[in-house]
Number of protein chains: 2
Amino acid sequence: MEQDKNDTCQELCINASIVEEVNEKMMENATHHDLASLFKTLGDHTRIRIINALYHSELCVCDITAILKMNQSAVSHQLRVLRAAKIVKNRKEGKNVYYSLDDEHIYNLVSLGLEHVSE
Amino acid sequence: MEQDKNDTCQELCINASIVEEVNEKMMENATHHDLASLFKTLGDHTRIRIINALYHSELCVCDITAILKMNQSAVSHQLRVLRAAKIVKNRKEGKNVYYSLDDEHIYNLVSLGLEHVSE
DNA sequence: TTAACACATGAACACATGCTCATATGTTAG
DNA sequence: CTAACATATGAGCATGTGTTCATGTGTTAA
């Protein structure tokens, strides 16, 4: 006569009504996925530094490489990730490719994150 | 007579003054690290779902386990990560441990992230 | 005390991630 | 055309991360 719940939790401990309510209010799984994806992209030391550099000015790959003191390949790889996430956009000018932040959402997100960090 | 710059970039391509200026304006390395850390913690499907669940109500581990339909060990491990990042706090009540969001920074951060995602 | 339960945690494993190295692409100068 | 250069990209490797399984800890009830 047991409910066919998972076996770890006996249903005794949980407030079933609250669980059900939360389940209804929860965002969709796809949304969770996208959100986690966005934060994951922001959650890397190198990428945060790139974003921070672009905070102030449009920069070409070469500039970024110099600022981060990393090799060009590593920077390009990370720029690719940021591009895929639509966090940065790029513009070609002759041999150079200039990168900049794609929208101010990111700027705001990072700023807000900063508040949490530097409390 | 070459500058002792890295060899990838000949200094010809970069706007040295801008690079220098950006270098000055950049946040400290420790800050980058903390910021990346915070976002990395938020950048996981399971953890985002936990946070989203706690958006609405304080919940015990057992509740969360039921909501996420995951095994209790996995949930506990992730709660530990969230605790370490000061994203959630917990409160003991008898055999149960109730978790809730530690501050509203996180709520705001996730909300802002949501705006970027659902454009 | 002992049994039952909620939760925490260490070890092990599969998989993802970031870097480096080598090389490819595309543009400009000569 | 070819050489030089800025950037992109694939492969390989070392390290990090999330889950599961087994077990430990702490609390309540009998």
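Because the structure is a prediction, the values reported are computed rather than measured. All heavy atoms count here, side chains included; hydrogens, waters and symmetry mates do not. Below, read A as the first sequence line, B as the second, and so on, with proteins coming before strands; counting in each chain starts at 1.
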- Message: Counting only side-chain nitrogens and oxygens, does A/Lys95 get under 4.0 Å of the OP1 or OP2 atom of D/dA4?
- Response: no

- Under-4.0 Å side-chain N/O to phosphate OP1/OP2 contact, B/Lys40 with D/dT17: yes

- Counting just side-chain N and O atoms, does A/Asn96 come under 4.0 Å of either OP1 or OP2 of D/dT7? yes

- Message: Nearest to the side chain of A/Cys60, heavy atoms from C-beta on, is which of D/dT7, D/dG18, D/dG26?
- Response: D/dT7

- Calculate the interatomic distance between A/Gln78 atom CD and D/dA8 atom C1'; express it in whole Å. 14 Å

- Atom CG of B/Leu42 to atom P of D/dG18: distance rounded to whole Å? 12 Å

- Passing candidate, side-chain contact (heavy atoms from CB on, under 4.5 Å) with B/Met70, options B/Ile50, B/Thr46, B/Thr65: B/Thr46

- Item | Rounded distance (Å) that lies between atom P of D/dG18 and atom CG of B/Leu79 | 13 Å

- Message: Looking only at the side chain of B/Val97 (C-beta and beyond, no hydrogens), which of the listed nucleotides C/dT9, C/dC7, D/dA8 gets closest?
- Response: C/dC7

- Item | Nucleotide C/dA6, atom P - distance to CD of B/Glu93 in whole Å | 14 Å

- Item | Within 6.0 Å of CD in A/Glu58, more than 12 heavy atoms from elsewhere | yes

- Query: Has B/Thr46 got a side-chain N or O lying under 4.0 Å from the OP1 or OP2 atom of D/dT19?
  - Reply: yes

- Query: So with a 6.0 Å cut-off around NE2 of B/His56, is the heavy-atom count from everything else above 12?
  - Reply: yes

- Query: Nearest to the side chain of B/Arg47, which nucleotide is it out of D/dG18, D/dT7, C/dA8?
  - Reply: D/dG18

- Query: Roughly how many Å is it from CZ in A/Arg91 to C1' in D/dT7, rounded to a whole number?
  - Reply: 15 Å

- Taking only N and O in the side chain of B/Tyr99, is any of them less than 4.0 Å away from OP1 or OP2 of C/dA6? no

- Can you check whether A/His77 stacks with the C/dC19 base, using ring centres under 5.5 Å and planes within 30°? no

- Message: Using the side-chain heavy atoms of B/Arg80, tell me which of these nucleotides is nearest: C/dC19, C/dG10, D/dT9.
- Response: C/dG10

- Could you work out which one of D/dT27, D/dT20, D/dT7 sits closest to the side chain of B/Lys92? D/dT27

